[in-house]
Peer 1: 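Pasting a structure here, questions to come.
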There are 2 protein chains.
Amino acid sequence: MLQLRDLPSVEVLKKFAARYPVADVTAISSFLHLLRVASDLSIALDACLSRHGLLQGRWWVLILLMREGNKTSTPSLLAEKAGVSRATMTGLLDGLERDGLVARVFDDEDRRRLSIRLTDAGQQKLDDVMPDYYARLRACMAGVDENARQQLEATLMNINAGLVAFNTEVRS
Amino acid sequence: MLQLRDLPSVEVLKKFAARYPVADVTAISSFLHLLRVASDLSIALDACLSRHGLLQGRWWVLILLMREGNKTSTPSLLAEKAGVSRATMTGLLDGLERDGLVARVFDDEDRRRLSIRLTDAGQQKLDDVMPDYYARLRACMAGVDENARQQLEATLMNINAGLVAFNTEVRS
DNA sequence: TTGATATAGTTAGCTAACTAACTATTAAGC
DNA sequence: GCTTAATAGTTAGTTAGCTAACTATATCAA
């Protein structure tokens, strides 16, 4: 994702809007700030996870497994839920298996299938990471009250609904 | 950035909060939705730019150059403002120069330095891309009124301020 | 003035993502 | 039942980012 260190000032936005009249200045500003804060959050999350020897992809796989009652899933399902390709999931599972955090179990009923199981070591890793992650996240969001959080989620839902328009709208 | 296709339901969040008492459920929910919408926006932006033969990194370089009065900057400054390493900027400029969108101009005063100039073709590329991008963005944000946009920016500023806590807070 | 240090840009090699193609297995249609 | 198509997982090769190291140039201090 784009890093966007140097967001445009109001003057710059106006200059661009003068050349491109379709520009919606507050829309652009909100959009860029959203991307900027999200990428900063993502980088902070990476830093937190890396102190525990994890990256976002592997961490998310462990969480997805813990969500399941039997701490078990399949590579395809995990790939879909994590939003990565099956090929990428193979790589993530290779790393997690090497570290002993998950186990590949062959399925006798459908021999194409694997079961991926969260090991005790994997659960222990989550028990180390999650309190640290949650405490940091709580501190980060401490300045945003419940009302603002609800408004944020509502606005994000509206933007999400507008994404269809972003992708399909023909050129002005 | 993490894709997060399958965000946790309220039940899942409560289950995790029961095991990890430090969890702040609405903070987690807001955080994950923010990352999710931002990555979807980033992907939509990529799709828009790729129709014009651009990617986020190169597109941003062109914009940074257009912002300058003389349409000129240096690789180091561009790298800093775009939030990428100087090495990455070298690669971005290689591609842009190959496509004739920017020109490398050697500096006679300081022979370590290069000037990077937006060419006429580069300006033309922006004149093609920006109206399309701005029109899509306007449509995407149409469902978010001015008040919500202001609140969004204010909340994002508060989260941004909290990022320091995310990075420095010691483990609970 | 000249030797150490800092700066600008590039190159080399690494990583984690991707797509496309491949193997093995199962399901479905005639 | 056999052939075709679909599915599960992996492998191979590409990409855009990174860090570290390198070359060339400029600056500073003894």
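A note on names: the letters A, B, ... follow the listed sequences, proteins ahead of strands, and every chain is numbered from 1.
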Peer 1: Nearest to the side chain of T88(B), heavy atoms from C-beta on, is which of dA16(C), dA12(C), dG17(D)?
Peer 2: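 Out of dA16(C), dA12(C), dG17(D), the nucleotide with an atom closest to T88(B)'s side chain is dG17(D).
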Peer 1: State whether the number of non-hydrogen atoms from other residues, nucleotides or ligands found under 6.0 Å of D120(B) atom CG is greater than 12.
Peer 2: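 12 or below, so no.
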Peer 1: What integer distance in Å separates R113(A):CZ from dT10(D):P?
Peer 2: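 After rounding, the reported distance stands at 14 Å.
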Peer 1: Any side-chain N or O of R58(A) less than 4.0 Å from the OP1 or OP2 oxygen of dT15(C)?
Peer 2: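 So the side chain of R58(A) is outside the cut-off, no N or O lying under 4.0 Å from OP1 or OP2 of dT15(C).
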Peer 1: Of E153(A), Q150(A), Q151(A), which is the lone residue that meets side chain to side chain contact (heavy atoms under 4.5 Å, CB included) with S30(B)?
Peer 2: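 Result: among E153(A), Q150(A), Q151(A), E153(A) is the only option passing the side chain to side chain contact (heavy atoms under 4.5 Å, CB included) with S30(B).
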Peer 1: Should we count NZ of K14(B) as having more than 12 external heavy atoms under 6.0 Å?
Peer 2: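 No - once you tally the heavy atoms of other residues, nucleotides and ligands closer than 6.0 Å, there are 12 at most.
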Peer 1: Between L93(B) (CG) and dA16(D) (P), how many Å, whole number?
Peer 2: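 It is 14 Å, rounded to the nearest whole Å.
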Peer 1: dC18(D) P sits how many Å from D46(A) CG, rounded?
Peer 2: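 Atom CG in D46(A) sits about 13 Å away from atom P in dC18(D).
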Peer 1: Does a side-chain N or O of S76(B) approach OP1 or OP2 of dG9(C) to a distance below 4.0 Å, or not?
Peer 2: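 Checking S76(B) against dG9(C): at least one side-chain N or O falls below 4.0 Å of OP1 or OP2.
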Peer 1: Just the rounded figure in Å: distance from P of dA8(D) to CD1 of I116(A).
Peer 2: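 In whole Å, dA8(D) P lies 13 Å from I116(A) CD1.
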Peer 1: Is the shortest distance from a Lys or Arg side-chain nitrogen in E146(A) or R149(A) to a carboxylate oxygen in the other one below 4.0 Å?
Peer 2: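 Between R149(A) and E146(A) there is a salt bridge, with a charged N closer than 4.0 Å to a carboxylate O.
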Peer 1: Counting only heavy atoms not in N70(B) (residues, nucleotides, ligands), do more than 12 fall under 6.0 Å from its CG?
Peer 2: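 Yes.
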Peer 1: Taking salt bridge (Lys or Arg N to Asp or Glu O under 4.0 Å) as the definition, give me every residue that meets it alongside R111(A), ordered by chain and number, with sequence neighbours left out.
Peer 2: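 Counting only residues at least two positions away or on another chain, R111(A) forms no salt bridge (Lys or Arg N to Asp or Glu O under 4.0 Å).
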Peer 1: Run Q56(B) and S42(B) through side-chain hydrogen bond (donor to acceptor under 3.5 Å, both in side chains) and show every step you take.
Peer 2: CA-CA 9 Å; Q56(B) 284 186 29; S42(B) 179; 2.9 Å; yes
Peer 1: For Q56(A) and dT15(C), what is the distance between atoms CD and P respectively, to the nearest whole Å?
Peer 2: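 One finds 18 Å between P of dT15(C) and CD of Q56(A), rounded.
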Peer 1: Taking the side chain of T90(B) as its heavy atoms from C-beta onward, which of dC18(C), dT10(D), dG9(C) lies nearest to it?
Peer 2: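 Out of dC18(C), dT10(D), dG9(C), the nucleotide with an atom closest to T90(B)'s side chain is dG9(C).
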Peer 1: Rounded to whole angstroms, how far apart are CG on L49(A) and C1' on dA16(C)?
Peer 2: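 Between C1' of dA16(C) and CG of L49(A): 15 Å.
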Peer 1: Rounding to a whole Å, what distance do you find between D94(B):CG and dG17(D):C1'?
Peer 2: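 Between C1' of dG17(D) and CG of D94(B): 14 Å.
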Peer 1: Each nucleotide in nucleotides 21-26 of chain C should get exactly one letter: B, S or -. Can you fill that in based on protein heavy atoms under 4.0 Å?
Peer 2: ---BBS
